**Student:** 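If you scroll down you'll find the structure; I have some questions about it.
Keep in mind it's a predicted model, so treat the numbers as computed, not measured.
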Amino acid sequence: MTTPQPASGRCPAHAGEAARPDRPFQPLPIYGPGFNADPHATYALLRAQGPIAPVEISPGVWGYLTTTYRSALYLLRNTPNRFAKNPRHWQALANGQVPPDSPALMMMQPRDNALWMDGHEHARLRHAITGSLARVDTHALAATVTQIADQLIDAFAPTGVCDLVAQYADPLPMLTMIEVFGSPPEIGRRITTAIARLFDTDQDAATANADLENACLALTHLKRGAPQRDVTSWLIEASLSDEEMVQTILLVIGAATTPSSNLITNAVQRIITNPRFAGSVHDGVQPVSDALDEVLWTDPPVSNYSPLYTLGQQTFEGMVLQPGYPILVSFAAANGDPSLGLAPTSYAGNRGHLAFSAGVHACPAPDLARIIAETAIERALDRLPHLALATTQLIRRPGTFHSGFTALPVRFQPAAALAPTGR
């Protein structure tokens, strides 16, 4: 187990407080090799400080992190009454103290979409999203995912080996969202490549952000001139401005690509390595949905996000929360809270996890996310006999905000590509 090292200095929110044995305010970094190697070790150390603890989000960017299920749910359910989403409450950002090239800035800066709004504006933009996603035909979506999965698998099935991240889990959600949004392939690639760079806290995050916004604007202009039956056109029908369209496309595709890739990869890794799933998923005794439930509890694809800001100084279970600092909700720490007392056998069918967040800013279409992931996993298991890891040396993706693998090398019994008539 890797023991994370404390960040240098103190969180300014607690600079004047003396460390006490019962509450040693010791901000820890939630980034870097130590954190990436074993995030739960960091969560445990932070949880020992309290239900919400000061952290260094990225170099020189300070804030708080929820460490328990109760604290995460409290914040999410009390937004916007006690906590706000709008980053205009972020004091360091307003004062120009956040490094302009900070990876955290690109993931937390103000944007004209529902994720960063409160009150009426949030309700208006969220309604546009939920209304558009509700028009997606779920049967057609499953068929689209199946077709894309087969095309990807055909490329490597005869070889008996592949990297399931690069060759399957990464491109599949991307190609699916290109289809759902009615995007030409080139614009779709630009959008999803830039989103992946932001989630991985790319060092050139500013360029990635600019590339992303330009691609979303190109898609918006295309659909304004030639609307079709797709999510982009339905969002336009909701009377969103160009800037709102750009940021809403960014939000929805961002939520559906890298997180979906992580969910697919994390679930496949769990299925083929955990003795409790060995054979049972392949022979149908245990459905893929059970494995997904367990991964959503124990290894959620978005681990820390949903930054919130206190409306005035507040206290939660003895922890004083100073206004002006972002509070990240740790879905991973919440789901792994030992006080929940969950046994591995209690995950299946248990939708009480916070992997899709909660409250007014919860994921607007968790059922669509599950359709994409379940269909992709089932197709991989059906078409890749005797699927197994090709190495035990797996490396986690870098980043404060999400949880997944950089690669998942696997081997399997070589299989022929499907005939075109099999589509």
Side-chain angles (χ1 to χ4, degrees), residues 30-31 39 43 46 51-55 57-58 61-90 93 103-119 121-123 125-126 129-130 195 198-199 201 247-248 250-260 262-263 296-297 299-311 314 316 321 323-337 352-366 369 399-403:
I30 52 173
Y31 65 89
Y43 301 147
L46 291 169
I52 303 173
V55 294
I57 298 170
S58 69
V61 178
W62 303 93
Y64 298 93
L65 186 77
T66 65
T67 67
T68 65
Y69 188 91
R70 281 171 54 86
S71 60
L73 204 57
Y74 176 81
L75 265 68
L76 294 170
R77 286 182 171 173
N78 282 282
T79 303
N81 298 325
R82 295 176 180 270
F83 302 93
K85 284 290 295 185
N86 197 320
R88 68 181 177 82
H89 297 280
W90 189 0
L93 182 63
L105 177 61
M106 296 304 126
M107 292 293 289
M108 296 167 58
Q109 69 180 357
R111 297 181 185 273
D112 286 336
N113 64 38
L115 184 62
W116 307 111
M117 299 293 182
D118 299 297
E121 282 302 289
H122 166 257
L125 292 170
R126 183 178 172 88
I129 294 171
T130 55
I195 287 174
L198 289 179
F199 266 102
T201 56
Q247 298 302 330
T248 299
L250 180 158
L251 171 62
V252 178
I253 294 185
T257 49
T258 299
S260 291
N262 287 344
L263 181 55
L296 288 167
W297 271 105
D299 194 9
V302 178
S303 48
N304 308 299
Y305 204 43
S306 191
L308 298 167
Y309 303 86
T310 65
L311 296 175
Q314 296 188 42
F316 178 78
L321 303 175
Y325 292 90
I327 309 173
L328 294 188
V329 176
S330 180
F331 307 112
N335 290 350
D337 186 349
H353 60 76
L354 297 182
F356 293 122
S357 192
V360 297
H361 287 276
C363 173
T400 295
F401 305 105
H402 71 142
S403 177

**Student:** Give the ring-plane orientation class for W116 versus Y305, where under 30° counts as parallel, over 60° as perpendicular and anything between as tilted.
**Tutor:** perpendicular

**Student:** Within a strict 4.5 Å, meaning less than it, do heavy atoms of the L328 and V55 side chains meet?
**Tutor:** no

**Student:** About how many Å separate OG of S260 and CD1 of I253, when rounded to the nearest 0.5 Å?
**Tutor:** 11.5 Å

**Student:** Within the structure provided, determine whether F331 and S306 are in side-chain contact (heavy-atom separation under 4.5 Å).
**Tutor:** yes

**Student:** Output the distance between atom CE (M107) and atom CD1 (I57), rounded to the nearest 0.5 Å.
**Tutor:** 11.5 Å

**Student:** Is the closest side-chain heavy-atom distance between S330 and T67 below 4.5 Å?
**Tutor:** no

**Student:** May I ask you to check whether N304 and Y43 show a side-chain donor-acceptor distance below 3.5 Å?
**Tutor:** yes

**Student:** Counting C-beta onward and ignoring hydrogens, is there a side-chain heavy-atom pair between I52 and L65 closer than 4.5 Å?
**Tutor:** no

**Student:** Where is the tightest heavy-atom contact between P80 and L311, given as atom of each residue plus distance?
**Tutor:** O-CD1, 3.5 Å

**Student:** If every non-hydrogen atom of P301 is compared with every non-hydrogen atom of P259, which pair is closest and at what distance?
**Tutor:** CB-O, 3.1 Å

**Student:** Compare all side-chain heavy atoms of M108 with those of P326 and state whether any distance is below 4.5 angstrom.
**Tutor:** yes

**Student:** Minimum heavy-atom separation for A72 to A334, with atom names?
**Tutor:** CB-CB, 3.9 Å

**Student:** To the closest 0.5 Å, what do you measure between NE2 (H361) and CG (L76)?
**Tutor:** 9.5 Å

**Student:** Measuring from atom CG of D118 to atom OG1 of T79, what distance do you get when rounded to the nearest 0.5 angstrom?
**Tutor:** 7.5 Å

**Student:** Suppose we call two aromatic rings close when their centres sit under 6.0 Å apart. Are Y309 and F83 close by that rule?
**Tutor:** no

**Student:** Can you tell if the side chain of Y64 reaches within under 4.5 Å of the side chain of L321, non-hydrogen atoms only?
**Tutor:** yes

**Student:** Between Y69 and W297, what is the ring plane arrangement, given parallel below 30°, perpendicular above 60°, and tilted in between?
**Tutor:** parallel

**Student:** Might you point out which heavy atoms bring Y325 and G63 nearest each other, and give the distance in Å?
**Tutor:** CB-CA, 4.4 Å

**Student:** Between T68 (side chain only) and S71 (backbone N and O only), is there a donor and an acceptor less than 3.5 Å apart?
**Tutor:** yes

**Student:** Rounded to the nearest 0.5 Å, how far apart are CD1 of I30 and OG1 of T400?
**Tutor:** 5.0 Å

**Student:** If only side-chain N and O atoms count, and only distance matters, is there a donor-acceptor pair under 3.5 Å linking H353 with N335?
**Tutor:** no

**Student:** Considering all heavy atoms of both residues, which atom of A358 and which atom of L354 are nearest to each other, and what is their separation?
**Tutor:** CB-CD2, 4.1 Å

**Student:** Report yes if the side chains of T66 and P51 come closer than 4.5 Å at any heavy-atom pair, otherwise no.
**Tutor:** no

**Student:** Does T248 offer a backbone N or O that forms a donor-acceptor pair with the side chain of N113 under 3.5 Å?
**Tutor:** no

**Student:** Please find the pair of heavy atoms, one from M117 and one from R111, that lie closest to each other, and give the distance.
**Tutor:** CE-O, 3.8 Å

**Student:** Sequence neighbours left out, what pairs pass salt bridge (Lys or Arg N to Asp or Glu O under 4.0 Å) with at least one residue falling in residues 66-88?
**Tutor:** R70-E317

**Student:** Can any side-chain N or O of S303 pair as donor or acceptor with the backbone N or O of D299 at less than 3.5 Å?
**Tutor:** no

**Student:** Drop me the distance from L93's CG to Q109's CD, to the nearest 0.5 angstrom.
**Tutor:** 8.0 Å

**Student:** Determine whether P87 and P110 make a side-chain contact, defined as any pair of heavy atoms from C-beta on separated by less than 4.5 Å.
**Tutor:** yes

**Student:** Keeping D112 on the side-chain end and Q247 on the backbone end, is there a donor-acceptor pair under 3.5 Å?
**Tutor:** no

